[in-house]
Undergrad: 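Take a look at the following structure, please.
Reminder, nothing fancy here: chain letters follow the sequence lines and each chain counts from 1.
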Amino acid sequence: MQKTLIVIAGPTAIGKTSLTIRLARDYNSEIISADSRQIFKEMAIGTAVPEPEELKTVPHHFIQNVSIHDDYNASSYEHQALAKLKELFKVHDLIFMTGGSGMYIEAVCSGIDKMPNIKPQIREKASALLKNNGKEALQEILKKADPVYYSETDINNPARLVRGVEMYWQTGKPFSFFRKKQPRPRDFNIIRISLDTDRDVLHKRINQRVDQMVAKGLIDEVKNLRQWQNLVPLKTVGYQEIFQYLNGATSLDEAIELIKRNTRRYARKQLSWFRRNKVTSWFAPNEYESIKKHIDDAIRQEKTL
RNA sequence: GGUGCCAUAGCUCAGUUGGUAGAGCACAGGACUGAAAAUCCUGGUGUCCCUGGUUCGAUCCCGGGUGGCACCA
């Protein structure tokens, strides 16, 4: 029996959670979350994790099971999610994956090339070079050490430059040696569904959700994390803005407005990511019957193949 | 009621000594293989309030109107 992963992608606040829970119940299935922030134990309100009642109705995986103090990235997620899928496919033919982190979804669907971990000292050295000598210094190194990556990547983007340089320093080999970008075949089928709706509707939902987060105690949640504000997982919309407020840089009202604006921008970037995938089918979040029909048709097609 | 000032992008405003206009924010699009809710790139979206006049040509100058603000009654 061919196993199938159904991926429900969509921008933040569009209604992925409730839609996927309903689907997973109808198909008697389970849900794998592909969300780079809901995965952290310490972050709940600001990442809009599903409510306890929702989590009870259908088994969820990768919700709040890692600490912000752990090293975690898209590659860790790929391996854990694949292992979990293998386990779940022993009892289910159909598993749902939903979340807003495009890179996490791609990691599971297509895979990320295997690469060595970077030692913290090397990472710090590369960041220090960027800070002290600017991105030009990193560009110079890459130009000589890794002309392939240098010509392919966005050399204005410090994050890309640091990555290339630290990989070279760590291994003595160019980053492009590891970065093959070869999609890895999976032993399960993938059905991709993406959600979108009118922009003003989405913006309204985002604004409401942010107000709800504040009402649920976002400020207190962020206050408790204040000493960790420089950790990467906390470089997150909803947290950075409240840190700014707690640090006296903005008023609370300003911080809340900034969260709304930055969440709108985040939603736009997510959509941009999901549009890259040309095999996905697009639906509005309220088109439940059409979505179900699409899934049933896709499964039936697979069976006849 | 009188006088003065203002009216240009979604918002706040700049500007054109007359040749159909540009900043910030908002917004839109894109890139992205180990931080990805990160990081980076690109884009002005417009009856220049309406209406007459002057002019080859008016968003700009002049008259009238409408709306807003301020002050005086």
Undergrad: Taking the P atom in each of B:rG19 and B:rC49, what is the distance between them to the nearest angstrom?
TA: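 These two P atoms come out 16 Å apart once rounded.
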Undergrad: With respect to the phosphate group of B:rA26, does any side-chain polar atom (N or O) of A:R264 fall under 4.0 Å of OP1 or OP2?
TA: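 Answer no for this pair, as no side-chain N or O of A:R264 is under 4.0 Å from OP1 or OP2.
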Undergrad: What is the nucleic acid contact for A:Q182, judged by heavy atoms within less than 4.0 Å: base, sugar-phosphate only, or nothing?
TA: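 Since a base atom lies under 4.0 Å of A:Q182, the category is base.
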Undergrad: Can you confirm whether the side chains of A:Q229 and A:N247 place a donor and an acceptor under 3.5 Å from each other?
TA: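 A donor-acceptor contact under 3.5 Å links the two side chains.
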Undergrad: OP1 or OP2 of B:rA35 sitting under 4.0 Å from any side-chain N/O of A:R123?
TA: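 A:R123 to B:rA35 OP1/OP2: side-chain N or O found under 4.0 Å.
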Undergrad: May I ask you to check if A:R179 and A:Y149 form a cation-pi contact, with NZ or CZ under 6.0 angstrom from the six-membered ring centre and within 45° of the axis?
TA: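 Output no; distance or angle outside limits.
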Undergrad: So, is A:K269 near the phosphate of B:rA38, with a side-chain N or O under 4.0 Å from OP1 or OP2?
TA: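 Yes, such a contact exists.
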Undergrad: Looking at A:R163, does any N or O in its side chain come under 4.0 Å of the phosphate oxygens OP1/OP2 on B:rG34?
TA: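 Result: yes.
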Undergrad: Is any side-chain N or O of A:N117 under 3.5 Å from a base N or O of B:rG34, one able to act as donor and the other as acceptor?
TA: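 Yes, the side chain and the base share a sub-3.5 Å donor-acceptor pair.
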Undergrad: Does A:S272 put a side-chain nitrogen or oxygen below 4.0 Å from OP1 or OP2 of B:rG30?
TA: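 For B:rG30, OP1 or OP2 has a side-chain N or O of A:S272 closer than 4.0 Å.
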Undergrad: Does the side chain of A:Y104 get closer than 4.0 angstrom to OP1 or OP2 of B:rA36 through an N or O atom?
TA: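 Result: yes.
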Undergrad: Now, which nucleotide makes the Watson-Crick or G-U wobble pair with B:rA35, with each of the two distances under 3.5 Å?
TA: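 Across all strands, not a single nucleotide pairs with B:rA35.
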Undergrad: Are a donor atom and an acceptor atom from the side chains of A:Y266 and A:Q270 found within less than 3.5 Å of each other?
TA: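 Side chains of A:Y266 and A:Q270: pair found under 3.5 Å.
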Undergrad: Pick the P atom in B:rA58 and in B:rC48, then give their distance to the nearest Å.
TA: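 Here B:rA58 and B:rC48 have their P atoms 13 Å from each other.
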Undergrad: Taking CD1 from A:I39 and P from B:rA38, how many angstroms apart are they, rounded to a whole number?
TA: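 Taking atom P of B:rA38 as the reference, CD1 of A:I39 is at 17 Å.
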Undergrad: With a 3.5 Å limit on both atom pairs, tell me what B:rA28 is paired to, counting Watson-Crick and G-U wobble, or say none.
TA: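 Checking every strand shown, B:rA28 finds its partner in B:rU42, with both distances under 3.5 Å.
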Undergrad: Going by an N to O cut-off under 4.0 Å, is there a salt bridge joining A:K260 and A:D211?
TA: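 Salt bridge: yes.
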Undergrad: Using purine N1 to pyrimidine N3 plus N6-O4 or O6-N4 for Watson-Crick, or N1-O2 and O6-N3 for G-U wobble, each under 3.5 Å, what pairs with B:rG19?
TA: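 When the pairing criteria are applied, B:rC56 turns out to be the nucleotide that pairs with B:rG19.
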Undergrad: Name the orientation class of the two ring planes belonging to A:Y72 and A:Y104 (parallel below 30°, tilted from 30 to 60°, perpendicular beyond 60°).
TA: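 Rings of A:Y72 and A:Y104: tilted, as their planes differ by 30° to 60°.
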Undergrad: Using whole Å, what does the distance between atom P of nucleotide B:rG29 and atom CD of A:Q270 come to?
TA: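 Going from A:Q270 (CD) to B:rG29 (P), I get 13 Å.
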Undergrad: Considering only the P atoms, how many Å lie between B:rC11 and B:rG53, rounded to the nearest integer?
TA: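 Each nucleotide's P atom is 31 Å from the other's.
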Undergrad: With a cut-off of less than 4.0 Å, is there a side-chain N or O of A:R265 near OP1 or OP2 of B:rC27?
TA: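 Yes, within the criterion.
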Undergrad: Pairing check on B:rG67: which nucleotide meets the Watson-Crick or G-U wobble criteria with it, both distances under 3.5 Å?
TA: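 Paired with B:rC6.
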Undergrad: Over all strands shown, is A:T47 touching base, sugar-phosphate only, or nothing at heavy-atom distances under 4.0 angstrom?
TA: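 Since a base atom lies under 4.0 Å of A:T47, the category is base.
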Undergrad: State whether A:R275 places a side-chain N or O below 4.0 Å from either non-bridging phosphate oxygen (OP1 or OP2) of B:rG29.
TA: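 Yes, within the criterion.
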Undergrad: Does OP1 or OP2 of B:rA31 have a side-chain N or O of A:T153 closer than 4.0 Å?
TA: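 For B:rA31, neither OP1 nor OP2 has a side-chain N or O of A:T153 closer than 4.0 Å.
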Undergrad: Ignoring backbone atoms, establish whether A:H203 has a side-chain N or O less than 4.0 Å from OP1 or OP2 of B:rG10.
TA: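 Answer is no, no contact under 4.0 Å.
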Undergrad: So, is A:R268 close to the B:rA28 phosphate, meaning a side-chain N or O under 4.0 Å from OP1 or OP2?
TA: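 Yes.
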Undergrad: May I have the distance from A:N156 (atom CG) to B:rG30 (atom P), rounded to whole angstrom?
TA: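 The distance from CG of A:N156 to P of B:rG30 comes to 20 Å, rounded to the nearest Å.
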Undergrad: B:rA28, OP1 or OP2 - any side-chain N/O from A:R199 closer than 4.0 Å?
TA: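 Affirmative; the distance criterion is met.
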Undergrad: Could you state the atom-to-atom distance from CD of A:Q139 to P of B:rC40 in whole Å?
TA: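 To the nearest whole Å, that distance equals 13 Å.
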Undergrad: Give the intermediate values and the outcome of side chain to side chain donor-acceptor pair (under 3.5 Å) for residues A:T153 and A:R160.
TA: CA-CA 7 Å; A:T153 198; A:R160 300 275 125 74; 4.9 Å; no
